[in-house]
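Please read these numbers as outputs of a predicted model, since none were measured by experiment. Here, residue 1 is the first one in the sequence, and each next residue gets the next number.
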Amino acid sequence: MSFTYPRNLKFECNKCTLCCGNTKEKTRHVIILENEADEIQKQTNININDFCFEITNQQPYRYEMKKQQDEKCFFLKDDTCSIYSFRPLICRFYPFELKFDEKQQTYIFTATTECPAVNHGKRLNQIYFKTLFWLAEEKML
């Protein structure tokens with residue numbers, strides 16, 4: 001499969017955690033694949049039903065992450081992701097999204113403008129996006 005990606009884009013996460021919870025402008029939905037939920041349960045010894053709930057309208061995703069009272073991700077502790085090394089695909093992709101363009105028969109990476117780290121930091125190249133693409137292929141199989 002082929003894909004396109006934003007050229008000459010800079011990004012380096014500044015650890016602001018904006019992506020880890022709701023904002024006044026946006027309600028976040030951290031959707032999770034079944035194998036990701038299984039891995040999180042295995043690594044944390046927390047029952048799947050304690051950190052997420054089942055969804056039916058977002059195939060191939062099966063779960064959505066629960067939030068704390070402050071509307072932040074269940075696994076955000078002291079402004080740090082407590083499951084960072086095995087975080088869900090959607091978290092690994094942020095601030096990017098991958099969609100399939102039926103007309104062009106290709107996948108397209110886009111970047112959100114809400115992330116304050118977009119256009120700051122190191123310039124991203126094709127290898128960066130290839131790695132994300134391969135990760136998506138691996139997780140979705």
request  = Please check if the side chain of Arg28 supplies one atom and the backbone of Glu71 the other of a donor-acceptor pair under 3.5 Å.
outcome  = no

message = So Pro116 and Asn14, do their side chains get closer than 4.5 Å, heavy atoms only?
response = yes

query = Is Ile46 linked to Ile83 within one hydrophobic cluster, defined over Ile, Leu, Val, Met, Phe, Trp and Tyr using a side-chain heavy-atom separation of less than 4.5 Å?
reply = yes

key: Joint cluster assignment, Leu132 & Tyr94, ILVMFWY side-chain distance < 4.5 Å   = no

query = Regarding Arg7 and the six-membered ring of Tyr5, is the cationic atom NZ or CZ under 6.0 Å from the ring centre and inside 45° of its axis?
reply = yes

remark   = Value for NZ (Lys42) from CG (Asn35), rounded to nearest 0.5 Å, stands at 11.5 Å

remark   = Closest heavy-atom pair, Thr17 versus Lys72, reported as atoms and distance to 0.1 Å, is O-NZ, 3.6 Å

request  = State, to 0.1 Å, how close Leu76 and Cys81 come at their nearest heavy-atom pair, and which atoms those are.
outcome  = CD1-N, 3.9 Å

query = Does Pro88 reach the side chain of Ile31, with side-chain heavy atoms less than 4.5 Å apart?
reply = no

ask   = Any idea which heavy atoms bring Thr27 and His29 closest together, and the distance?
value = O-CD2, 3.5 Å

task = First locate atom CZ of Phe53, then atom CE of Met65, and finally report the distance between them rounded to the nearest 0.5 Å.
result = 10.5 Å

query = Just how far is it from atom OH of Tyr128 to atom CZ of Phe96, taken to the nearest 0.5 Å?
reply = 5.0 Å

task = Tell me whether the centres of the aromatic rings in Phe109 and Phe93 are closer together than 6.0 Å.
result = yes

task = Take Leu89 and Leu135 through the side chain to side chain contact (heavy atoms under 4.5 Å, CB included) test and state the conclusion after the steps.
result = CA-CA 8 Å; Leu89 187 63; Leu135 182 61; 3.7 Å; yes

message = Under 6.0 Å from the ring centre and within 45 degrees of the ring axis: does the NZ or CZ of Lys77 meet both conditions for the six-membered ring of Phe74?
response = yes

Heavy-atom donor-acceptor pair, Arg92 side chain to Arg87 backbone, under 3.5 Å = yes

request  = Would you check if Asp101 and Lys99 make a side-chain contact, meaning some heavy-atom pair closer than 4.5 Å?
outcome  = no

query = Going by heavy atoms in the side chains, are Cys91 and Tyr84 under 4.5 Å from each other?
reply = no

ask   = Do you know which two heavy atoms are closest between Lys67 and Asn22, and how far apart they sit?
value = NZ-OD1, 2.8 Å

request  = Starting from the C-alpha separation in whole Å, work towards a yes-or-no answer on side chain to side chain contact (heavy atoms under 4.5 Å, CB included) for Glu25 and Glu114.
outcome  = CA-CA 10 Å; Glu25 297 80 26; Glu114 75 172 351; over 6 Å; no

remark   = OH of Tyr63 to CD of Glu36, rounded to nearest 0.5 Å, is 11.5 Å

message = Using modelled atom types and a 3.5 Å cut-off, is there a donor and acceptor pairing between side-chain atoms of Gln41 and backbone atoms of Ile48?
response = yes

request  = Could you check whether the rings of Phe133 and Tyr107 sit parallel, tilted or perpendicular, using 30° and 60° as the cut-offs?
outcome  = perpendicular

ask   = Do Leu9 and Asn119 have side chains that get closer than 4.5 Å, going by heavy atoms?
value = yes

key: Main-chain N/O of Thr106 paired to Ser2 side chain as donor or acceptor, under 3.5 Å   = no

ask   = Lys66 side chain to Asn49 main-chain N or O, any donor-acceptor pair under 3.5 Å?
value = yes

query = For the atom pair CD (Glu39) and CG (Leu33), what is the distance rounded to the nearest 0.5 Å?
reply = 12.5 Å

message = Please check: side-chain N/O of Thr112 versus main-chain N/O of Pro95, any donor-acceptor pairing under 3.5 Å?
response = no

key: Other residues, nucleotides, ligands: >12 heavy atoms within 6.0 Å of Asn57 CG   = yes

Glu54 CD to Ile32 CD1 distance, which is reported to the nearest 0.5 Å = 11.5 Å

query = Is Gln105 reaching over with its side chain to a backbone N or O of Glu102, donor-acceptor style, under 3.5 angstrom?
reply = yes

